[in-house]
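Every value quoted in this text rests on a predicted model; they were computed, and no experiment measured them.
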Number of protein chains: 4
Amino acid sequence: MKRKKILEAAAIVFSKKGFHQARMDEIAALANVAKGTLYYNFSSKSMLFSATVTEGLETIVKQITEKLNSNLPFIEHFRLLIEYMISLYLKNNRLAKILLNELSSGIDSKVLAEIESVQERFIIFIADLLHKGQKRGYIKPVDIRTAAIAVAGQIDSLCKYHLRNPGKISKEQIVESLFDILSTGLLKPNLP
Amino acid sequence: MKRKKILEAAAIVFSKKGFHQARMDEIAALANVAKGTLYYNFSSKSMLFSATVTEGLETIVKQITEKLNSNLPFIEHFRLLIEYMISLYLKNNRLAKILLNELSSGIDSKVLAEIESVQERFIIFIADLLHKGQKRGYIKPVDIRTAAIAVAGQIDSLCKYHLRNPGKISKEQIVESLFDILSTGLLKPNLP
Amino acid sequence: MKRKKILEAAAIVFSKKGFHQARMDEIAALANVAKGTLYYNFSSKSMLFSATVTEGLETIVKQITEKLNSNLPFIEHFRLLIEYMISLYLKNNRLAKILLNELSSGIDSKVLAEIESVQERFIIFIADLLHKGQKRGYIKPVDIRTAAIAVAGQIDSLCKYHLRNPGKISKEQIVESLFDILSTGLLKPNLP
Amino acid sequence: MKRKKILEAAAIVFSKKGFHQARMDEIAALANVAKGTLYYNFSSKSMLFSATVTEGLETIVKQITEKLNSNLPFIEHFRLLIEYMISLYLKNNRLAKILLNELSSGIDSKVLAEIESVQERFIIFIADLLHKGQKRGYIKPVDIRTAAIAVAGQIDSLCKYHLRNPGKISKEQIVESLFDILSTGLLKPNLP
DNA sequence: GATGAATGAGCTTTCATTCAT
DNA sequence: GATGAATGAAAGCTCATTCAT
């Protein structure tokens, strides 16, 4: 029905403009729906935003989890994770942007908390994957949560750059660099 | 005179609220200046934003450069860079946030280009530092620009997390983790 | 069937909120009926209001008339009238408020005329009772219509005050004061 | 300046339409002022309403008090009070209507309290006058507050009727009837 | 007969910008 | 140079009304 059309339009507009710059008029027009219909389905702009983000994360996490149920050696697993998260970001970047960025002031504190919890769930999801690798002896004894945040930050900034400057870095380059840096770091081995 | 007071107030308000949520009223009040005075000194909100960001970067770059003119061994240099950028972010996070984030639509395209170029200059600044390390044989032959972006992304996401969840990660932890990951990566050495 | 449920709900909501503040949603919910059903039974909000008021007055007038068909001495009759109108107002204050107050602009002029005529009928009803007393020699030769309006006004303001400030004046006090003032006035007799 | 023009326009519109039906657009147009100017001078519709009522009462009370500083015999004083309140109502009926009527739900509770306190002050003002008469032996030992409310109610309903049905009752008739009823009541003296 | 999802005109409010002083 | 009262376009939201089922 119209609810789904609205959520799709909302994801597009919110991710392009951010919460405050997004206009209900624009979302309505894009969803091909009257403005009142937005409010018939969602009680406010904040609630629409919240729904957009929440329902979006479910989709993403489900997609990643499905892909990673393989039984590859860990390194391959690790590379796949990076590759897949980047693919998802670029394909789905509307939501990713929101997930990793939008925390402007001025949103209902209730909704703000909802968004923060969604972000937290995403970080936890990455941390879980890293944790498994650590238990199996593949990952150094770093703080897992910190590492997860760092990974998310790198993905975000590289993908944003890619999207902002089309052509300057290819997707493959991003995956390669990220995998390289995350695997063995930036420094040459055997330094004094 | 008033111009300086305005820029200081603008930096505080813009970084706390972002471009669109910042209100000229608030900036004027904080600068202890009449609203008309903002327009006497800057032709529009966009231009004030542009000036704030540009003049802010100069300060930051100058501060970092001064600190890094030492003749330490590269590894120490590298650690210092990370440590100092994080300190600056946390101290000065107002501007850092803008530098690393704000790219909302709705800004005059002229000003948008200005902001993008400021961001680019910051990336280049990091890339330059990495490049020197590479030439001197300390850094692996990765793509320097990609690495710079990744470094900026990690700093951004870790610092944001730190600010959002006071107490969960200490500043020292951030520096240590970042240095560790960036130096030698996440994976244990000597894996098959 | 549903029509009656709607009218009951409408009386409650209209008298609590007044015409303009009452919402069709609320009436429908209270009547346990879909919003469309309101429009199936009444062509518009104005017509629903009109029906609510008109059918309400009939009930009230019928109730008062029944009570007053006694053959008491006029003074008792008069006191009873006052007492009963106040009881009705307080019990039924939903409609009374409308009858005595609601004349906001913005109602269809047709409906407005209907309401005015209902109010007029109520004033006439009181005037009739006074007129009978006058014919039988109990009431001074004042203008009957004016007196009726004054009586209605006193009842209205005292009851409103009673409802607004629970506990400050009891119902008995209202009846007593009103009866006293209306009977013999405020001034002491035998004044120069 | 514009503040005064706005208050005048607001009094006209609020009293004609009531709080909820009054439109900020209409007030702005009547005051010959841009809509934004309303909000430059008053923080919200509710606050504008509050200011209109409060500042209006001051004027009215001042006017009545001035008139009543005479040293006439009490009966004349009493008649003058009635006559003057009615004149004021009819002349100034915009505010009087608000003072005696407007208590719709949906106003900020803060403002609602303000209005109620203004109404209370008006009742107290009448009660004071009656009290003086009582102390000097002119008024029967009725409950003063109740009497004041009854007086206000009569004035309100008679004046409303007068305004609604131009020509049916003259102003003099209203004064005469009210004075008569309030002085000696409706009943003939010397009844069994 | 009855429903409720959908509508859109119209409302209050915000805020960058202007301009007379 | 500096002010701040005034502006008006544009936003979020409400709600009587309609109509396909």
Is there a donor-acceptor pair closer than 3.5 Å between any side-chain N or O of [X] and the backbone N or O of [Y]?
X	Y	result
D:Asn41	D:Thr37	yes
C:Thr54	C:Ser50	yes
D:Lys45	D:Phe19	yes
D:Lys16	D:Ala22	no

Whole angstroms only, please: what is the [atom1]-[atom2] distance between [X] and [N]?
X	N	atom1	atom2	result
D:Arg3	F:dG4	CZ	C1'	17 Å
D:Met47	E:dT14	CE	P	13 Å
D:Lys5	F:dA6	NZ	C1'	11 Å
B:Asn41	F:dG4	CG	P	15 Å
B:Glu26	E:dT14	CD	P	14 Å
C:Ile27	E:dT3	CD1	P	15 Å
B:Ile6	F:dT3	CD1	C1'	12 Å
B:Leu38	E:dC15	CG	P	15 Å

Gap in Å between the two C1' atoms, one belonging to E:dG1 and one to F:dT21, rounded:
13 Å

Between A:Ile27 and A:Phe14, is there a side-chain heavy-atom distance shorter than 4.5 Å?
yes

Return yes if a side-chain donor-acceptor contact under 3.5 Å exists between A:Arg23 and A:Gln21, otherwise no.
yes

With a 3.5 Å limit on both atom pairs, tell me what E:dT7 is paired to, counting Watson-Crick and G-U wobble, or say none.
F:dA16

Using Watson-Crick or G-U wobble geometry with both distances below 3.5 Å, tell me the partner of E:dT14, or none.
F:dA9

Between side-chain atoms of residues 3-13 of chain C and protein atoms elsewhere (two or more places apart, or another chain), which donor-acceptor pairs fall under 3.5 Å?
unit_1 : atom_1 : unit_2  : atom_2 : d
C:Arg3 : NH2    : C:Glu55 : OE2    : 2.5

What string of B, S and - do you get for nucleotides 16-21 of chain F 5' to 3' if you count protein non-hydrogen atoms under 4.0 Å?
BBB---

Options F:dA6, F:dG8, F:dA2, nucleotide nearest the side-chain atoms of D:Thr37:
F:dA6

